[in-house]
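This report refers to the structure that appears directly beneath it.
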Amino acid sequence: MAASTRALFLSCFHGSGGGGGTSEVSRRLVLRPRYPSMPRRPRSAAVAGEGGERGGGGDGDLEAAAVGAEEEEKVAVFEVSGMTCAACAGSVEKAVKRLQGIHDAAVDVLGGRAQVVFYPAFVSEEKIRETIQDVGFEAKLIDEEVKEKNILVCRLHIKGMTCTSCASTVESILQVVPGVQRASVALATEEAEIRYDRRIVTASQLTHAVEETGFEAILITTGDDQSRIDLKVDGTLNERSIMIVKSSVQALPGVEDIKVDPELHKITISYKPDQTGPRDLIEVIESAASGDLTVSIYPEADGRQQHRHGEIKRYRQSFLWSLVFTIPVFLTSMVFMYIPGLKDGLEKKVINMMSIGELLRWILSTPVQFVIGRRFYTGAYKALSHGSSNMDVLIALGTNTAYFYSVYSILRAASSHNYMATDFFETSSMLISFILLGKYLEILAKGKTSEAIAKLMDLAPETATMLIYDHEGNVVGEKEIDSRLIQKNDVIKVVPGGKVASDGFVIWGQSHVNESMITGESRPVAKRKGDTVIGGTVNENGVLHVRATFVGSESALAQIVRLVESAQMAKAPVQKFADQISRVFVPLVIILSLLTWLAWFLAGRLHGYPNSWIPSSMDSFQLALQFGISVMVIACPCALGLATPTAVMVATGVGASQGVLIKGGQALESAQKVDCIVFDKTGTLTIGKPVVVNTRLLKNMVLREFYAYVAAAEVNSEHPLGKAVVEHAKKFHSEESHVWTEARDFISVTGHGVKAKISGRAVMVGNKSFMLTSGIDIPVEALEILTEEEEKAQTAIIVAMDQEVVGIISVSDPIKPNAREVISYLKSMKVESIMVTGDNWGTANAISKEVGIENTVAEAKPEQKAEKVKELQSAGRTVAMVGDGINDSPALVSADVGLAIGAGTDVAIEAADIVLMKSNLEDVITAIDLSRKTFFRIRMNYVWALGYNIIGIPIAAGVLFPSTRFRLPPWVAGAAMAASSVSVVCWSLLLRYYKSPKLGR
């Protein structure tokens, strides 16, 4: 929650970087300064500093210093203690802003913090801190926030990890790199997410650190290249053309970096999307090369998918090649030995006591051991070279023991006239083959855990129709372009049945758009001029012209993908249990296998085995060796390591497909424990927007005519209730923008109502006191209606015409559909619901009674909501808070799980652990139910993984052998080990078929 808290806190201030206006939250939390703001940049004369007029710097130097200072703008956050009210915050803000070199400052009295955007060339953090203390408050610099602008999160794809031990090794190496604040390595996704300070370490250095551990690392993103494009160049790329291309591209505004790879004919460009775009880049490169080069989007699929497909192909080929050699080994050792004619041929001696069958098995098993199985040697070497051990170590030890003992046995037979060889070549070759099969099936299954992300990425259409305008703004043509070439402010035409190619807003046309693939909302949403649309959604009917606003990595679809990817990287606390076991698992298994072999060998030597115990072809050493190998290869740390991450990956993907964005394993683990949910009222249990819910006419007149008069009077009002009435009046007219009758002598009385002359009639619209002060008598019938509406927590608006009450309009913030059913269903899940609102007790009681909530707190300030959450937590409850992520931010942060009600495009609500994209209360149930089912799967995965090892290892060690003569051949033990990982992944994959609970069932 620390990161969420920090992000939430920053959102309460001005936009990042310090530029721009005050945010909506900041306007609520911080007292506005009552004095002129400081200029954007300190005056040049101030640069002289302590030297006064000494020094020879002229105005040009001073201007340069000022420009340099602006480039080095920093953000510092101070913890300020002792503030009790808005006046305190105002005094701190005023004092800080008076300092030279301050760009902006904002103070959060609730959080006890002050954020200052400043120029370090003119003022220091220490000076700012002293200024705050001079005002009379204690101030402490929070270092993490000072560095916030330089803190990036990079992602690496890591090849070669086979088990949790590998992931732990890479993670521990990254965490000790200077400048790395946090590193998380996920075995299931084969990715690393690293939070680092770019002033101390670079992304390339992090990649090098991983490669030094013996694994291959591929950089996915450095964290600062928000918009990057790979272009393919057809034509000759020599030194001259590369120089021309680089200089031409770098001259474009917004271009941050360009890299050219002549071998791949690939140009990678990082740029600012608000200043340039891929289409401009392509045009510049082609024109600079005078037509000698043709440029297009580099035809490269998602790197992770490419790697996964390549890995699947390699394991399949390895497995098939191993079968070519292993099947003959199996037949010569297990089948042909029981066929009289073939048996005699295989037992024919070649050199002394070495037979043809033994020689064939040696020749056939050698490629399997050293060529096909070389990946296990590589993995074991990497692990051991860094002082750790993994599954590859166990496989390499087990197969090498079987192989080299067999080689020793047959070589001894070849040099002896009476020694009968016993080989285990089938053990080593079959063991490798079964493990390769298991890994192949495991990778296939793991690939399905990230299907949700792949489906999200496939939502964007491949092409788009761009409209071409002339200088007068008229459409003169259309052009079909690659959707990846769309730039900001392009106008895209979307035909019925087509996909919206980019986030934007409608500038022409009206239609219904199916947004279910993004928000999960099943019903098509009406769109008309001015409405926003989301890229990847489907236009149902009608033609739309959409102006692109967010493209590339800034689009809602890209943000959702990034959020889900980050969620899949985040480890659940329960994963620590598996990590701790995995650290000591392999060494313990090696020790146990040696003890097993020693125990059986000594037992045979000291006490002897009954003849019936030992097969005729074995001695006590060979029997003990087989038990030791079986123990070594049956133990599987991989199943433990995959138990949690695979389930979390599937759950976060499934949640995203249903409009519930879960930010990682921590949120899932906390949500499944929730037994108490605190709901905000406005915008959570209610729609959050006033609408007309009832109309009572006291005189005979047509309802359409009644609303024509009322709307004509209210259309000039800015009051939310007035706007609600006008919106309702529009329903009586089919045209999109109806023109209301002109209102004459319009007067608005703040807090009371409006009056005007409409078509010769005196119209008054307002509350009871407005009517009484205007000398209008309110009939008894109207008074009864007013009382009735107030009991329903509805606002009654009186309408009078020519000094006579003609009707009453009831306006309310209606309760969301199924709110009562949701509360009832939560009760059946043994989750208590509590409503905490800042509204008055009358409205709060009416709403809580209607939805079925028994425990209500009204007239609560933001900090009191957080106090209520903490009070419940201190009573031993696991509390979830459901709010809009802004007004309820302190409570959202304080809760064990914060659920933010937000629109599908607002995926950056950092205060919450879970974002409900549809703003649908039913998704609260989905989030909790999905988390419970996910952790049921995780628990069952651990039961299976631990149970398999607890039961399998003793059986492999020969516990049943004395009583039943049952022994587990090593190749069967290896097959069981491979099957355990596959079974864990498949059990997690069953979450893909999750269906959210249906209310009323």
Side-chain angles (χ1 to χ4, degrees), residues 24 27 505-512 525-532 682-683 686-776 778 782 785-786 789-790 793-814 903:
E24 196 65 35
R27 284 197 288 270
F505 61 91
V506 178
I507 62 170
W508 181 87
Q510 59 183 17
S511 180
H512 284 79
V525 181
K527 300 291 181 182
R528 58 175 62 186
K529 185 177 179 179
D531 291 340
T532 58
T682 306
T686 65
I687 298 294
K689 181 182 179 182
V691 294
V692 174
V693 293
N694 196 11
T695 307
R696 304 278 191 93
L697 294 179
L698 304 179
K699 300 294 179 180
N700 289 326
M701 65 186 305
V702 179
L703 195 61
R704 177 188 172 108
E705 180 187 356
F706 170 80
Y707 270 106
Y709 280 105
V710 176
E714 288 283 13
V715 73
N716 297 308
S717 172
E718 290 297 319
H719 197 280
L721 297 181
K723 290 182 177 180
V725 171
V726 174
E727 283 298 316
H728 187 73
K730 288 180 180 179
K731 296 178 181 178
F732 296 94
H733 300 273
S734 57
E735 60 269 29
E736 183 177 341
S737 54
H738 179 72
V739 180
W740 304 104
T741 305
E742 183 182 358
R744 297 180 181 275
D745 303 328
F746 175 82
I747 297 174
S748 174
V749 182
T750 304
H752 292 278
V754 299
K755 57 183 177 181
K757 285 279 187 180
I758 312 292
S759 300
R761 300 189 69 175
V763 178
M764 296 183 65
V765 183
N767 57 23
K768 180 181 176 181
S769 64
F770 185 51
M771 298 298 159
L772 293 175
T773 55
S774 301
I776 297 175
I778 301 176
I785 294 172
L786 291 176
E789 296 304 312
E790 286 175 2
Q794 295 176 356
T795 301
I797 301 173
I798 303 173
V799 179
M801 295 184 188
D802 298 328
Q803 295 296 108
E804 190 177 13
V805 176
V806 296
I808 295 176
I809 301 172
S810 298
V811 179
S812 173
D813 182 3

For this session: Kindly determine whether Val799 and Ile808 satisfy side chain to side chain contact (heavy atoms under 4.5 Å, CB included), including the steps that lead there.
Result: CA-CA 6 Å; Val799 179; Ile808 295 176; over 6 Å; no

For this session: Would you check, one step at a time, whether the test side chain to side chain donor-acceptor pair (under 3.5 Å) holds for Thr686 with Asp813?
Result: CA-CA 6 Å; Thr686 65; Asp813 182 3; 2.7 Å; yes

For this session: Verify side chain to side chain contact (heavy atoms under 4.5 Å, CB included) between Val710 and Ile809, making sure each step is shown before the conclusion.
Result: CA-CA 10 Å; Val710 176; Ile809 301 172; 4.0 Å; yes

For this session: Starting from the C-alpha separation in whole Å, work towards a yes-or-no answer on side chain to side chain contact (heavy atoms under 4.5 Å, CB included) for Val754 and Phe746.
Result: CA-CA 7 Å; Val754 299; Phe746 175 82; 3.8 Å; yes

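Looking only at side-chain heavy atoms (C-beta outward), Glu804 and Lys699 come within less than 4.5 Å of each other. Between Ile797 and Asn767, the closest side-chain pair of non-hydrogen atoms is not below 4.5 Å. Residues Glu714 and Trp740 are not in side-chain contact: their nearest non-hydrogen atoms beyond the backbone lie 4.5 Å or more apart. Side-chain contact between Val702 and Tyr707: absent, with no pair of heavy atoms (C-beta onward) separated by less than 4.5 Å. Side-chain contact check for Met771 versus Met764: some heavy-atom pair is nearer than 4.5 Å. Counting heavy atoms from C-beta outward, Thr795 and Leu721 have side chains that approach closer than 4.5 Å. Counting heavy atoms from C-beta outward, Arg528 and Val506 have side chains that stay 4.5 Å or more apart. No side-chain heavy atom of Val811 sits under 4.5 Å from any side-chain heavy atom of Val691.
One distance of note links CG of Asn700 with CZ of Phe706; it measures 13.0 Å at 0.5 Å rounding. Of the inter-residue distances, the one linking Glu705 atom CD with Leu697 atom CG reads 10.5 Å to the nearest 0.5 angstrom. For the atom pair CG of Leu786 and CZ of Arg696, the computed distance is 10.0 Å after rounding to the nearest 0.5 Å. Rounding to the nearest 0.5 Å places OG of Ser810 at 3.0 Å from CD of Glu789.
Without hydrogens or angle criteria, Arg704 side chain to Phe732 main chain gives a donor-acceptor distance under 3.5 Å. With hydrogens and angles disregarded, no donor-acceptor distance shorter than 3.5 Å links the side chain of Lys755 to the backbone of Val765.
Annotation for Ala743 and Ala712: closest pair CB-O, 3.6 Å, computed over non-hydrogen atoms. Across Gly775 and Gln803, no two heavy atoms sit closer than the pair O-NE2, 3.9 Å. Closest non-hydrogen pair, Ala713 versus Ile758, comes out as N-CD1, 4.1 Å.
Taking 4.0 Å as the cut-off between side-chain N and carboxylate O, Asp745 and Lys757 do not count as a salt-bridged pair.
Within 6.0 Å of CZ on Arg744 lie no more than 12 heavy atoms contributed by other residues, nucleotides or ligands.
Under the 3.5 Å distance criterion, with hydrogens and angles disregarded, no donor-acceptor pair is assigned to the side chains of Tyr709 and Thr741.
Aromatic ring orientation, Phe770 versus His752: tilted (interplanar angle from 30° to 60°).
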